[in-house]
Structure formats: structure tokens, C-alpha cells
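The analysis underlying the following values was restricted to heavy atoms, covering all of them including side chains, and did not include hydrogens, waters or symmetry mates. Letters go in sequence order (proteins before strands), and every chain restarts at 1.
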Protein chains: 2
Amino acid sequence: MRADARRNYEALLAAARDLFQEQGPDAPLDEVAKRAGVGAGTLYRHFPTRNDLVAAVYVADIDALCDAAEKLAAEDPDAALGGYMDLHVGFTLRNAGIKKAIKEMLADGDTRPGLTLCKTRMTEIAGETLAHAQDAGAAREDVDTVTFLRMLHGIALACEENPEMAPAMLEVMKAGLLRGA
Amino acid sequence: MRADARRNYEALLAAARDLFQEQGPDAPLDEVAKRAGVGAGTLYRHFPTRNDLVAAVYVADIDALCDAAEKLAAEDPDAALGGYMDLHVGFTLRNAGIKKAIKEMLADGDTRPGLTLCKTRMTEIAGETLAHAQDAGAAREDVDTVTFLRMLHGIALACEENPEMAPAMLEVMKAGLLRGA
DNA sequence: GACTATACGGAGACCGTCTCCGGTTGGTCA
DNA sequence: TGACCAACCGGAGACGGTCTCCGTATAGTC
């Protein structure tokens with residue numbers, strides 16, 4: 001890919017991320033192009049459909065979440081769990097609209113390999129982060145990855161209308177899950 | 001309300017019901033007007049927003065469901081339960097798209113008295129139909145109205161992608177719930 | 001039959017989507 | 001370093017859908 005194409009692609013992702021978080025995944029695509037500083041033709045050549053753009057934003061954000069989680073784990077693998085929980089719920093709350101759009105996309109059979117891959121990566125990193133903490137005695141051992149992720153998802157769902165309640169709920173979950181802090 | 005206004009109102013409801021069932025609740029409103037044989041201005045005077053129309057269709061359909069249920073009950077109150085189950089699930093399957101739109105409307109705080117009223121009426125009729133059957137010994141007595149409606153809803157959800165599976169699931173539920181048939 | 005308040009309707013302004021094609025330029029090569 | 005060209009850009013315009021405006025029609029009353 002040419003340098004100008006790569007630059008515009010990233011600019012479009014960033015603009016779309018911002019606009020989708022502000023106005024939801026149905027925000028006007030011409031506005032996305034405008035914010036990215038490119039023409040509408042450029043947007044449609046990179047992302048032929050709205051779903052292509054929504055999925056690309058989501059995948060990029062999941063990858064960023066995983067990168068941040070890996071960085072946390074590299075710094076202190078035994079104590080990264082609490083930070084991971086904050087990252088995960090914060091991410092889910094910021095992307096509630098996009099996530100809903102992704103869900104509808106999948107329900108319509110409009111799947112793409114990137115979505116499956118990034119979800120797998122996230123599950124693996126969550127599992128590794130949990131396992132590290134459990135092995136180090138920093139977290140109770142009777143909670144598996146699926147339960148852990150379900151609880152985080154539940155908190156994000158419960159806080160959809162009131163995101164400011166999330167920290168308190170996370171605190172409770174940490175109190176129940178983490179040890180020695 | 002003048003006769004021509006009443007006639008156009010009903011025509012719009014019927015056209016919207018058909019189009020929303022065919023194409024979903026986002027079908028073009030000009031097409032609704034066209035099918036109803038009225039001008040777009042007429043549609044917007046009766047229903048200033050899409051949500052107004054979607055809600056009106058939903059309320060009218062719930063009322064029709066309740067009317068049909070009451071008619072069933074009037075004919076044979078002790079044996080109306082099975083028929084009610086068929087009516088209820090059939091209605092829910094036909095209106096999955098509209099129901100989803102109603103749910104999002106309520107989540108956004110865009111409520112209207114008619115929606116609450118018709119849901120209450122439906123719950124009451126379902127409760128009465130169930131109670132009649134139970135009193136007559138035609139249905140097991142350890143199932144309350146909430147459970148009964150939840151199961152019907154569960155069947156409708158499970159059959160969203162495959163409506164042809166509904167009769168078999170209803171048959172199972174009837175076998176478990178009804179007695180003496 | 002006259003009258004009038006109520007209702008109608010559809011053209012047009014506006015918004016968003018998305019394609020087309022002339023123009024631009026990043027990258028390669030001599 | 002300049003020539004070349006395939007890849008990329010971009011924005012005007014066609015199109016679809018929303019929704020308002022206002023001249024016209026008519027239902028209902030007297």
C-alpha cells in the first residue's frame with residue numbers, strides 16, 4: 001500500500017472512531033471523510049460499505065486494547081488483572097454503539113475473518129492475564145475465563161446508561177476476585 | 001375525527017404493517033404513503049415521526065391480538081389456552097422487527113401511554129386465559145403468568161431465524177402445560 | 001346549496017449515499 | 001534527477017429518502 005493510501009486509511013479509522021463514539025455507528029460517512037481530511041471517494045475506496053468501516057474500527061480498537069493489555073502484563077504479569085478489568089470495561093462502554101452494530105452485522109451473516117480473529121486474541125489475553133494472577137496467588141482460582149469475561153460484560157451492560165457507575169462496580173468485582181491488594 | 005381522516009389513518013396503519021413486516025421498520029415512509037394511497041403530507045400529519053407510526057402499528061396489532069384472544073375465550077374459556085399460545089407466538093414472529101424497534105424506542109426514553117396500556121392489557125388477558133384453563137383442570141397449576149409469557153417469548157426468540165420450527169416447540173410446551181387433550 | 005374548518009397531497013428543499021472520471025502523486029528505474 | 005505510470009485522490013452530481021409548505025379539496029353543519 002502506498003504511503004498516502006496508508007495515511008488516509010489511518011486517518012479514516014481515527015475520524016470514524018471519534019464520530020461513531022460521539023453520534024453512534026450511523027453517523028454520516030461524508031462527515032467521517034471530512035473529519036479525516038479526505039474525499040468521499042477515498043473513504044468508499046478504502047471501505048466500500050459502512051459495515052466495512054465499523055468492523056475495521058472495532059478490530060483496530062480490540063487490537064489496541066490487546067496491545068495495552070500485553071504492555072500491562074509485560075510490566076507486571078502477576079498484578080495486571082485489575083488494570084485489565086479497567087481497560088476492558090472502559091473500552092466496552094466507549095464502544096457500546098459500535099458493538100451493537102457489530103452484533104447486528106453478525107446476526108445478518110455479514111461476518112469477516114478479522115472480527116473472529118480479534119475476539120479470539122482478546123479471549124486469549126484475558127485468559128492469560130487471569131491465569132498469571134491466579135498462579136501468583138493474586139486472584140481466586142475458582143473463576144474461569146468465560147465467567148470472568150461475562151462478569152465484565154455484565155458490568156458494561158449494566159452501566160450503559162450510567163457509565164459513571166462502572167468504577168464502583170469494578171471495585172466490588174475486584175474485591176471479590178483479587179487477593180493481597 | 002372526520003371520516004376521510006379516519007379512513008386514511010387506518011389505511012396508513014395497514015400499509016405500514018405490511019411494509020414493516022416485509023422490509024423491517026426502516027422501510028421508506030413515502031412507500032408507506034404510496035401503498036396507503038395518500039400523500040406524504042397526510043402521513044406526516046397523522047404520524048409526525050417514524051416512531052409514532054411504528055408505535056401505532058404495534059399498539060393496533062396488540063389490540064387485535066387481545067381481541068382475538070377474548071373472542072377465543074368467549075367461545076370456550078376453559079380450552080382457549082392452546083389457541084392463545086399459537087396466536088401469541090405467531091404475532092411475535094411476524095412483528096420481530098417492529099418489536100425490536102419498540103424496544104430501542106423505550107431504551108431511548110421515547111415512551112408513549114398506548115404502549116404501556118396495550119402491554120398491560122395483553123398481560124391481563126394472558127393471565128385470565130391461563131387462570132381459566134387452570135381452574136378448569138385443563139392446565140397445570142404451578143405455572144404463573146410471567147413464566148407462561150416468558151416461555152412464549154423464548155420460543156419466539158429461538159425461532160426468529162427459523163419460524164417454521166415454532167409449531168413443534170409450541171407442541172412441546174402444550175404437552176407440558178396442557179392437560180386432558 | 002352555501003359555508004368553512006379540517007384535511008389533503010405532492011412538489012421541492014434538504015440531507016446523506018455513493019459513483020465516476022479527470023487530475024495528482026508515490027515509487028521505480030534508467 | 002527527471003521520466004514514467006500505476007495507484008490513488010477527491011468532489012460534483014445523480015439518486016433515494018425525509019419532511020415541510022401552501023394552494024386545493026371536501027366532510028360536515030346549518
(message) Tell me the interatomic distance from F47(B), atom CZ, to dT20(D), atom P, rounded to whole angstroms.
(response) 15 Å

(request) Let me know the distance between CZ of R6(B) and C1' of dC8(C), rounded to the nearest Å. (result) 17 Å

(request) Classify the ring geometry between Y9(A) and H46(A) as parallel (under 30°), tilted (30 to 60°) or perpendicular (over 60°). (result) perpendicular

(message) The side chain of A3(B) is closest to which nucleotide in this list: dA27(D), dG10(D), dG26(C)?
(response) dA27(D)

(message) Judged by each residue's nearest nucleotide on DNA chain C, which is more toward the 5′ side, E31(A) or G37(B)?
(response) G37(B)

(request) Please state how far atom CG in N51(A) lies from atom P in dT17(C), giving the value in whole angstrom units. (result) 13 Å

(request) To the nearest Å, give me how far apart CG (L53(B)) and P (dT18(D)) are. (result) 11 Å

(message) Using whole Å, what does the distance between atom P of nucleotide dA7(D) and atom CZ of R7(A) come to?
(response) 18 Å

(message) So, taking the atom named CZ in R6(A) and the one named CG in N8(A), what distance separates them when rounded to the nearest 0.5 Å?
(response) 11.0 Å

(request) Identify, between D4(A) and P48(B), the residue whose nearest nucleotide on DNA chain D lies closer to the 5' end. (result) D4(A)

(message) With rounding to the nearest 0.5 angstrom, report the CD to CG distance, Q21(A) to N95(A).
(response) 5.0 Å

(message) Measuring from the side chain of T42(B) (C-beta onward, heavy atoms only), which nucleotide among dG10(D), dG9(C), dC18(C) has the closest atom?
(response) dG9(C)

(request) Using a cut-off of strictly less than 4.0 Å, decide whether N8(B) has a side-chain nitrogen or oxygen near OP1 or OP2 of dC8(C). (result) yes

(message) Just verifying a value: how many Å separate T145(A) OG1 and Q134(A) CD, rounded to the nearest 0.5 Å?
(response) 7.5 Å

(request) Pick base, sugar-phosphate or nothing for R50(B), based on heavy-atom distances below 4.0 Å to the nucleic acid. (result) sugar-phosphate

(request) Measure the distance from CZ on R2(B) to P on dT6(C) and round it to the nearest whole Å. (result) 9 Å

(request) Give one of base, sugar-phosphate or nothing for A40(B), where a contact means two heavy atoms less than 4.0 Å apart. (result) base

(message) If you compare every side-chain N and O of H46(B) against the phosphate oxygens of dA7(C) (OP1, OP2), does one of them come in below 4.0 Å?
(response) no

(message) Applying a 4.0 Å non-hydrogen cut-off, can you work out what D30(B) is touching in the nucleic acid: base, sugar-phosphate, or nothing?
(response) base

(message) Could you tell me how far apart K34(B) (NZ) and dG16(D) (C1') are, to the nearest whole angstrom?
(response) 11 Å

(request) Using only side-chain N and O atoms of R45(A), determine if any of them is under 4.0 Å from OP1 or OP2 of dC9(D). (result) yes

(message) Between D61(B) and R94(B), does any NZ, NE, NH1 or NH2 come within less than 4.0 Å of an OD or OE carboxylate oxygen?
(response) no

(request) Take atom CG of L29(B) and atom C1' of dG9(C), then tell me their distance rounded to the nearest Å. (result) 16 Å

